[in-house]
Amino acid sequence: MTEIVLPAADYDLAATLSSGQAFRWNLRGDGWESAIGNQWVRLQPGIDGIHATTWPEVREWDWLRHYLQSDLKLETVLETFPKDPPMQASVQACRGLRLLRQDPWECLASFILSSTKQIVQIRQICETLCLRFGHPISQSDGAVPIHTFPSAPAIAARSEAELRDCKMGFRAPSLLHAARAVCDGSLQLAELGGLPLAQARSELCRLRGVGPKIADCVLLFAYGFPQAFPVDVWIQKAIQKLYFKGRRVRPDRMDRFVRSHFGPHSGYAQQYLFHYMRTLHPDSRGTKSGATVPTSDPAPRLSHAN
DNA sequence: TGCCAGGGCTGGG
DNA sequence: CCCAGCCATGGC
C-alpha cells in the first residue's frame, strides 16, 4: 500500500466520480474505490487535496494525476463558458465537477455498453464483465475484491454468447467487434489522440454500434478533446428546454448550436449541464412542467452560417 | 404495468 | 433530410 495527497483545489470528487463518465467507482465509507489499470485505488476528499491509497505499491503518481486531471486549473475552463443563465446555474450548482482522462479501451467498451441503458445498469453490466473476464486485484486487507477491466484481447477471446450472458443484450456483437478491431490493428486507439477531432470521430464511428454520441463520449472522457460534445437524451432535452423554449431541435441544428454556443471547452460545459439537470431533476425526464430552471430567454440567433 | 434508459442501424417516405 | 421500428434488459 502507498499513500499520497494530491494537491487539488476546486475538485468535487463525488460529483466527478458519479457523473456518468466512469462507471466503476464505488463509495465505501467516506472514500471511493475502483481499479485504474492494474492498480487498486481508494480516493478520499480532504482539505489539502485528494488522499489516494493504492495497492500494490507505486513510486510515482503521474498516472493518477493524469487520470484525475488534478493539475488542471478549473477556473481557466469555467471562465470560457457562455455567461448565460443555464450555464451560470450549472456552475453554481456543480462547481468542482471535473472531466477525467480514462483509458481509451475501457471507455470505448463501457460506452458501447451504455446505449439505451440507465447509468445504474451500465454499472451493473461493467461489473459483471470485470468479474468474469478481468482479473482480481487483492488489496492486502480488503474485504471486497476488485477486478481489472478486461483488455481487448480478453474480450476478443470470448464468444458472443458469453458476452450476452453478462446481460448486455444486443450490444454484445458490437463489443466483440470493437475488441477484434483493436486486436487486429484495424482500430489504433493509441493514434486517435493525435488526429483532428473530426477525423478521430470518424475513425471511432467505423465501429458497429458506435455513432456520434458514443464516439464523443470516448473522445471527451478518454482523450480530452475539449470540443467533443456528446448529445444524449438528457442533453437533448436540457438544451431544448433551456435554450429553445422547449421546442424540438433537429440533430443538424443541435450540432450547429452546440459548436457555436459553448466555446472552446464545450465538452466541459456539456458535463456541467448534464450533471446539473440530472441531479436537479432525477425523475422528471421530458416532463414540461415544474422545472425552476433558469432559461436563456431569447432563442439564440444563428444568423450567420457555419 | 408500461415507459424509458448517457443509441445506432435499417428501411421507408 | 426525416421518421418509425427494432434491438435486450431492468429500474422505477
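Each chain gets a letter, A, B and so on, in the order the sequences are listed, and its residues count up from 1.
The distance from atom CG of Leu204(A) to atom C1' of dG6(B) is 16 Å, rounded to the nearest whole Å. The nearest whole Å value for the distance from the CG atom in Leu99(A) to the P atom in dG6(B) is 18 Å. dG6(B) atom P lies 16 Å from atom CG of Leu273(A), rounded to whole Å. Between Gln124(A) atom CD and dC12(C) atom P there is a gap of 12 Å when expressed in whole angstrom units. Distance Ile122(A) CD1 to dC4(B) C1': 13 Å, rounded to the nearest Å. Per the geometry, CD1 belonging to Ile214(A) stands 9 Å off C1' belonging to dG6(B), to the nearest Å. Atom CZ in Arg123(A) sits about 14 Å away from atom P in dG11(C), given to the nearest Å. Separating the CG atom of Leu113(A) from the P atom of dG7(B) is a distance of 12 Å, rounded to the nearest angstrom.
Panel note: side chain Thr80(A), backbone Pro264(A); no donor-acceptor pair is recorded below 3.5 Å.
Between dG10(C) and dG8(B), the two P atoms lie 22 Å apart (nearest whole Å). Comparing dC3(B) with dC6(C), their P atoms are spaced 14 Å from each other, to the whole Å. When the P atom is compared between dC3(C) and dG6(B), the two are found 22 Å apart, to the nearest whole Å.
Here the closest non-hydrogen pair linking Ala200(A) and Leu219(A) is CB-CD2, 3.8 Å. In this structure, Phe221(A) and Cys107(A) approach most closely via the heavy-atom pair CB-SG, 3.8 Å. Counting all heavy atoms, side chain and backbone alike, Glu3(A) lies closest to Thr53(A) at CG-OG1, 3.7 Å. In this structure, Ser110(A) and Phe149(A) approach most closely via the heavy-atom pair OG-CE1, 3.9 Å. Of all non-hydrogen atoms in Ser202(A) and Gln199(A), the two that sit nearest each other are OG-O, 3.0 Å.
Mapping Cys205(A) and Val120(A) onto DNA chain B via the closest heavy atom, the residue that lands nearer the 5' end is Val120(A).
Listed by chain and number, the hydrophobic cluster partners of Val58(A) are Ile4(A), Leu6(A), Tyr11(A), Leu13(A), Leu17(A), Trp25(A), Leu27(A), Trp32(A), Ile36(A), Val41(A), Leu43(A), Ile50(A), Trp61(A), Trp63(A), Leu64(A), Tyr67(A), Leu68(A), Leu100(A), where partners are ILVMFWY side chains within reach of under 4.5 Å, directly or through others.
In this pair, Tyr243(A) and Phe257(A) present their aromatic rings tilted. The plane angle is within the 30 to 60° band.
At the phosphate of dG6(B), neither OP1 nor OP2 sits under 4.0 Å from any side-chain N or O atom of Lys237(A).
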Secondary structure of DNA chain B in dot-bracket form (Watson-Crick or G-U wobble, distances below 3.5 Å, | marking inter-strand pairs): .||||.|||||||

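Base engagement by Phe221(A) is indicated by at least one non-hydrogen atom pair under 4.0 Å involving a base atom. Counting any heavy atom pair closer than 4.0 Å across all strands shown, Gly209(A) reaches sugar-phosphate atoms only and no base atom. Within 4.0 Å (heavy atoms only), Ser19(A) reaches at least one base atom of the nucleic acid. At a threshold of 4.0 angstrom between heavy atoms, the contacts of Gln271(A) include nucleobase atoms, whether or not backbone atoms are also involved.
In this structure, Phe111(A) forms no aromatic stack with the base of dG6(B), since the conditions of centre separation below 5.5 Å and plane angle below 30° are not both met.
With rounding to the nearest 0.5 angstrom, the CG atom of Leu74(A) is 10.0 Å from the CD atom of Glu79(A).
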Per-nucleotide protein contact string for nucleotides 1-9 of chain C, where B marks a base within reach and S marks sugar-phosphate only (heavy atoms under 4.0 Å, - for neither): -SS---BBB

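Within a 6.0 Å sphere centred on CD of Gln92(A), heavy atoms belonging to other residues, nucleotides or ligands number 12 at most.
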